[in-house]
Structures are given as structure tokens and as C-alpha cells.
Enquirer: 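Just passing along the structure, written as C-alpha cells.
On a predicted model such as this, the values are computed, not experimentally measured, just so you know.
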Amino acid sequence: MAQLEQFTAPVHTVVSRMRALEASLPERDGVAVFNHVYLTVTEEIDRRLNAGEFPDPGAAATLDVRFAERYLTVAEDGCPPACWRPLLQFRRHPGVRPLQFALAGVNAHVGHDLALAVVESCRTLDCEPADLEDEFERVGDLLVAMEERVREDLMPGPDLLEVADPLTHLLGAWSLERARDAGWSAARTLWALRGLPGLAREFEDRLDAAVGLTGRMMLTPLGDRTGHRGT
């Protein structure tokens, strides 16, 4: 148990930082919407670590903390890579709906940050990506469950979200499971390129830009529930 506490203490630290952000941000702020969702997932990971549900709690905690720290650096310091810039730019736009904010954050975090967190964790633990695959999948399963809950909590009701609603088409064009699979492939590619820093950096930059482009499209102003159209 003492060993487990050593592994889980850093997770408590990132949870505390997310709670501090939640207390400091306006509820309607786009980053606050994503932060609330991500806090819920990180608390669940922390609970499962304490319950002994991860076969390798040290690896799981390392991956979770490295992953969370990438988001927290953006939220606290405001120096974002390209994948996070659309959310920061549109975080207070009245024509962007909460569901868009939440999923744009998930897109940036899973599409870009997760791959880099895997590579960082491998360096920290002196292991190969294959050694973290079980932890990656377990964290990924929680993220998929999170996306389902987000859609249930933030999706407008059937009377407001019709087939013709642009939000229907926007959300149907993106999949967290596909983003997670792409993130794993990106992590393996970056690890394979670790001896070629120039190519690795180029690949990372292109990944960052591509995920940022997707995020910008996800945040297309659609208007609020009253029918107001964003500009």
C-alpha cells in the first residue's frame, strides 16, 4: 500500500490543480467545460488506482500524470501548441455550444497530447510503448466512457437537435475511438523516430497542426439554443 501511495500521490496533485481551475473559471468558459469533464475522468482514474484495478499502478499513474500535465500547462500558462489554440481562441464565443467545447478539448488532448505522454512515460519508465499498451487501453476506455457521458449531459434534447441541425453532422464526423487509435499509432511512430530528432520534431509538428485543424472545425459557431447565429 505504501508503494501504491507513492504512485498515486502525483495523480492527487493533478486532480487538485484541475479543481483549482474549476473554481477560478467562469462556468460557460470553453476551457472550464472541458476541465470539468477531464476532472471527472482523472478522479475516476485516481479511484481505480487506489482500488488496485490497474495491473501496473506505477505505469498507469505515470501515464496519467504525464498526460494531464500537458493539458494543465496549456490551461495554467496559456502557451498552447496549435492543437489547443482553437479552444483558447473561441472559449467565450456565444455561438459555440458547450458540447463543442468539451469535444474540442478531448480532440486536442487525445489526438496530440496522448501520443507525447506515452513517449514521455516510456522515457521515464525506461520501457517500450508495448509495455504501456494495457494502461493505454484502460485509460482509453475511460475516455470513451467520458465521451458518451459528455454527449448525454451536453447534447441538446431531441426537440432541439434535429437531423438538419449542423451539430448533428459536426459530431458525426469525429470519433474518439478513431482518435485514440491514431494516438497510439502516433506514439509508436514518435518512439521509432526517437533517434532521429529532426524527423521526430517534424512529425510532431504536423500532428499538432492536423489536430488543431480538426479542433477549429469542431468549434465552428453554430448559434446558441435560442437560435442566435455566431459570427
Side-chain angles (χ1 to χ4, degrees), residues 13-43 64-120 143 146-147 149-151 153-155 166-167 170-171 173-176 179-180 182-183 186 190 201-225 228-231:
T13 300
V14 296
V15 166
S16 295
R17 290 165 67 185
M18 290 180 198
R19 287 174 178 164
L21 279 169
E22 184 168 55
S24 67
L25 294 172
E27 183 178 355
R28 183 61 176 78
D29 181 278
V31 175
V33 174
F34 171 74
N35 186 80
H36 178 74
V37 169
Y38 193 28
L39 172 59
T40 301
V41 173
T42 308
E43 289 174 333
D64 182 60
V65 171
R66 295 295 186 189
F67 190 32
E69 283 177 340
R70 286 199 156 267
Y71 155 67
L72 288 166
T73 297
V74 170
E76 294 170 346
D77 299 340
C79 297
C83 60
W84 282 103
R85 288 174 200 156
L87 181 57
L88 295 187
Q89 180 183 359
F90 286 85
R91 61 192 295 178
R92 296 182 179 88
H93 197 298
V96 179
R97 303 181 193 177
L99 180 59
Q100 292 174 263
F101 287 136
L103 294 185
V106 174
N107 169 70
H109 203 37
V110 173
H112 174 264
D113 296 351
L114 187 53
L116 274 61
V118 169
V119 172
E120 290 171 354
L143 291 168
M146 172 194 71
E147 184 202 20
R149 186 163 60 243
V150 166
R151 289 176 184 264
D153 291 347
L154 299 180
M155 182 79 81
L167 186 58
L170 189 67
L171 299 181
W174 184 83
S175 162
L176 175 54
R180 182 181 66 173
L190 283 168
R201 183 63 191 174
E202 180 180 349
F203 180 86
E204 183 180 330
D205 288 345
R206 291 182 182 276
L207 175 67
D208 187 20
V211 173
L213 178 61
T214 300
R216 174 62 187 86
M217 290 188 289
M218 294 174 79
L219 292 169
T220 299
L222 302 176
D224 58 29
R225 295 188 182 187
H228 172 73
R229 306 305 297 181
T231 57

Enquirer: To the closest 0.5 Å, what do you measure between CD (Q100) and OG1 (T220)?
Expert: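 These two atoms lie 7.0 Å from each other.
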
Enquirer: For residues V33 and P98, report the shortest heavy-atom separation together with the two atoms involved.
Expert: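 That would be CG1-O, 3.4 Å.
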
Enquirer: Can you name the closest pair of heavy atoms from P94 and R28 and give their distance?
Expert: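 Looking at all heavy atoms of both residues, the shortest contact is O-NH2, 3.9 Å.
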
Enquirer: Check R17 against L72 and note the closest heavy-atom contact, atom names and distance.
Expert: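 Heavy atoms of R17 and L72 come nearest at NH2-CB, 3.5 Å.
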
Enquirer: With a 4.5 Å limit on heavy-atom distance, are the side chains of L88 and V74 in contact?
Expert: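 A side-chain contact exists here, since the closest heavy-atom pair is under 4.5 Å.
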
Enquirer: Which atom names give the shortest non-hydrogen contact between A179 and W174, and what distance separates them?
Expert: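 The answer is CB-CZ2, 4.0 Å.
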
Enquirer: Is any side-chain heavy atom of N107 closer than 4.5 Å to one of C83?
Expert: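 No; the side chains remain at least 4.5 Å from each other.
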
Enquirer: Run the side chain to side chain donor-acceptor pair (under 3.5 Å) test against D64 and tell me which residues pass, sequence neighbours left out.
Expert: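 If we apply the side chain to side chain donor-acceptor pair (under 3.5 Å) test to D64, skipping adjacent residues, there are no hits.
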
Enquirer: Over 60° means perpendicular and under 30° means parallel, so tell me whether W84 and H109 are parallel, tilted or perpendicular.
Expert: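 Aromatic pair W84/H109 classed tilted.
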
Enquirer: Taking all non-hydrogen atoms of both residues, which atom of L207 and which atom of A186 are closest, and how far apart?
Expert: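 Smallest heavy-atom distance, with atoms named: CD2-CB, 4.1 Å.
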
Enquirer: Does any non-hydrogen side-chain atom of R91 lie less than 4.5 Å from one of L25?
Expert: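 Yes, side chains in contact.
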
Enquirer: Of Y71, F90, F101, which meets ring-ring contact (aromatic ring centres under 6.0 Å, His included) against F34?
Expert: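 When Y71, F90, F101 are each tested with F34, the ring-ring contact (aromatic ring centres under 6.0 Å, His included) holds only for Y71.
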
Enquirer: Sequence neighbours left out, what passes side-chain contact (heavy atoms from CB on, under 4.5 Å) with L143? Give chain and number order.
Expert: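 Partners of L143 by the side-chain contact (heavy atoms from CB on, under 4.5 Å) criterion, ordered by chain and then number, come out as V41, F67, V110, V139, M146, L176.
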
Enquirer: Would you call E22 and R19 a salt bridge, taking side-chain N to carboxylate O under 4.0 Å as the test?
Expert: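 Salt bridge: no.
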
Enquirer: Could you measure the distance from the CG atom of L116 to the CD atom of E204? Nearest 0.5 Å is fine.
Expert: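 Reported value, rounded in 0.5 Å steps: 4.0 Å.
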
Enquirer: Enter the distance from S16:OG to L39:CG here, rounded to the nearest 0.5 Å.
Expert: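 So the OG of S16 and the CG of L39 are separated by 9.5 Å.
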
Enquirer: To the nearest 0.5 Å, what is the distance between CD on E27 and NE2 on H36?
Expert: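 With rounding to 0.5 Å, CD (E27) is 8.5 Å from NE2 (H36).
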
Enquirer: Atom CD in E120, atom CD in E69: separation rounded to 0.5 Å?
Expert: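 Those atoms lie 8.0 Å apart.
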
Enquirer: If you compare all heavy atoms of P86 against all heavy atoms of G212, which two are closest, and at what distance to 0.1 Å?
Expert: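 Scanning both residues, the minimum pair turns out to be CG-O, 3.5 Å.
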
Enquirer: Who pairs with R92 by side-chain contact (heavy atoms from CB on, under 4.5 Å), at least two apart in sequence or on another chain?
Expert: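 With neighbours one apart ignored, the set is D29.
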
Enquirer: CG of N35 to OG1 of T40: how many Å apart, nearest 0.5 Å?
Expert: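 So the CG of N35 and the OG1 of T40 are separated by 9.0 Å.
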
